[in-house]
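Presented below is the structure to which this report refers.
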Protein chains: 2
Amino acid sequence: MPNNQFKKGELYSFITGKASTAIARRLQKKFNTAGLNITIEQWSVLYHLWKQEGISQQDLCNATFRDKPSITRLVDNLEKLNLVKRVASENDRRINQIYLTKQAQKLQEEAMQLADETLNEALIGVPPERVDVCKEVLQIVYDNLK
Amino acid sequence: MPNNQFKKGELYSFITGKASTAIARRLQKKFNTAGLNITIEQWSVLYHLWKQEGISQQDLCNATFRDKPSITRLVDNLEKLNLVKRVASENDRRINQIYLTKQAQKLQEEAMQLADETLNEALIGVPPERVDVCKEVLQIVYDNLK
DNA sequence: TTTGAATAGTTGCACAAACAACTATATGCC
DNA sequence: GGCATATAGTTGTTTGTGCAACTATTCAAA
């Protein structure tokens with residue numbers, strides 16, 4: 001009976017993602033305070049577009065681990081905020097390529113700075129090697145279930 | 001500059017809670033397949049009521065790390081499903097004490113069995129001591145931010 | 001004892017997630 | 001070429017979340 005030391009009480013907070021919820025709320029508050037008018041979910045999409053523009057909505061689904069309707073609506077809202085533009089692909093007219101506006105490009109530095117800050121606050125008092133273990137465990141969990 | 005080894009790419013999945021999302025989806029599928037007509041969020045409320053009945057909505061807020069409106073609506077829906085009942089407290093009429101119906105009591109064993117199963121699947125190949133480290137890190141993160 | 005603050009819960013609104021059903025375009029096989 | 005199938009994206013519905021504003025009840029202090 002493997003991993004049975006993992007008792008129910010702790011199981012619960014694993015499933016509900018208490019820690020990641022706390023991080024997300026902290027980051028959202030930082031965005032609000034700084035006057036960055038975006039949600040964490042919108043940020044998570046922008047994050048991938050900052051790394052590479054012009055990817056498809058399907059690419060964003062894979063990158064953010066969301067389904068297609070979720071991405072459709074996130075892109076809808078980002079378009080309303082004038083942060084991204086849908087551009088129909090020349091080669092394959094089913095595909096929308098998503099591009100950043102200048103406004104979104106300007107956000108990158110501040111948003112990523114606040115994200116870094118949040119992570120640093122979250123990890124105060126945690127030795128680097130323990131963070132690495134945690135990261136690896138979470139990756140295995142993800143791989144086991146995906 | 002502490003914890004700077006925690007690079008942005010990994011930060012991202014920490015914040016979005018990729019692992020806990022994957023666990024929650026797997027458990028939800030198990031509920032659906034087994035014909036348990038409840039959501040993960042409803043389960044997380046029932047989980048605390050199975051431990052102790054008759055607690056207040058505010059207690060459920062603290063236990064589940066949710067705000068009051070979220071609990072109001074979760075209890076609304078659980079009441080519609082005939083799984084819980086609100087009972088006004090005798091001592092303090094502001095308080096709703098939440099009690100389980102017989103139907104909800106019957107769900108406990110099966111639901112917790114499926115939750116255990118999910119956790120075991122998630123943690124295949126992860127040595128117990130690494131699970132412990134992960135748990136501790138997530139607890140510190142939570143404490144740092146709450 | 002009355003009044004002001006704190007606490008418990010509810011409601012409205014905007015945003016997001018999961019699922020199913022749908023449209024449009026592309027691909028592959030006969 | 002034409003048809004079945006796969007892929008990309010959209011829309012509708014239900015559920016949940018976070019914030020602000022609200023009601024009702026309790027508590028505490030002048």
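Below, chains carry the letters A, B, ... as their sequence lines are ordered, and counting in each starts from 1.
Looking only at distances, no side-chain donor or acceptor of A:Trp50 sits under 3.5 Å from a matching main-chain atom of A:Glu109.
If A:Lys80 and A:Asn91 are placed on DNA chain C by their nearest nucleotide, the residue sitting closer to the 5' end is A:Lys80.
In this structure, A:Ile38 atom CD1 and C:dA16 atom C1' are separated by 15 Å, rounded to whole Å. In this structure, B:Leu60 places its CG atom 16 Å from C1' of D:dG16, rounding to the nearest Å. Atoms CG (B:Asn96) and P (D:dT23) sit 18 Å apart, rounded to a whole Å. At whole-Å resolution of the value, NZ in A:Lys68 and C1' in D:dT10 are 9 Å apart. Protein atom CG of A:Asn37 is 14 Å distant from nucleotide atom P of C:dA14, rounded to whole Å. In this structure, CD of B:Gln58 is placed 7 Å from C1' of C:dA8, rounded to the nearest angstrom. Going from atom CG of B:Asp76 over to atom C1' of D:dG16 covers 12 Å, rounded to whole Å. At whole-Å resolution of the value, CG in B:Leu81 and C1' in D:dT14 are 12 Å apart.
When side chains are defined from C-beta on, B:Trp43 counts as touching B:Met112, because their heavy atoms get closer than 4.5 Å.
For the residue pair A:Ser89/A:Asp92, the side-chain donor-acceptor check at 3.5 Å is not satisfied.
As judged by a 4.0 angstrom heavy-atom cut-off over every strand, B:Asn77 is placed among residues touching the sugar-phosphate backbone only. Backbone-only contact: A:Thr39 has heavy atoms under 4.0 Å from sugar-phosphate atoms and none from a base.
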Produce a footprint string for nucleotides 17-25 of chain C: one letter per nucleotide, 5' end first; B if the base is under 4.0 Å from any protein heavy atom, S if only the sugar-phosphate is, - if neither.
SBBB---BB
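Clustering ILVMFWY residues whenever any of their side-chain heavy atoms sit less than 4.5 angstrom apart, transitively, puts A:Val45 in a cluster other than the one holding A:Ile95.
The two residues B:Gln57 and B:Ile98 have their closest heavy-atom pair at CG-CD1, 3.9 Å.
Regarding contacts with the backbone of C:dA16, a side-chain N or O of A:Gln42 is found under 4.0 angstrom from either OP1 or OP2.
Listed by chain and number, the residues in a side chain to side chain donor-acceptor pair (under 3.5 Å) with A:Asn144 amount to none (sequence neighbours excluded).
Applying the ring-ring contact (aromatic ring centres under 6.0 Å, His included) test to every pair with at least one member in residues 112-146 of chain A, sequence neighbours left out, gives these pairs: A:Phe65-A:Tyr142.
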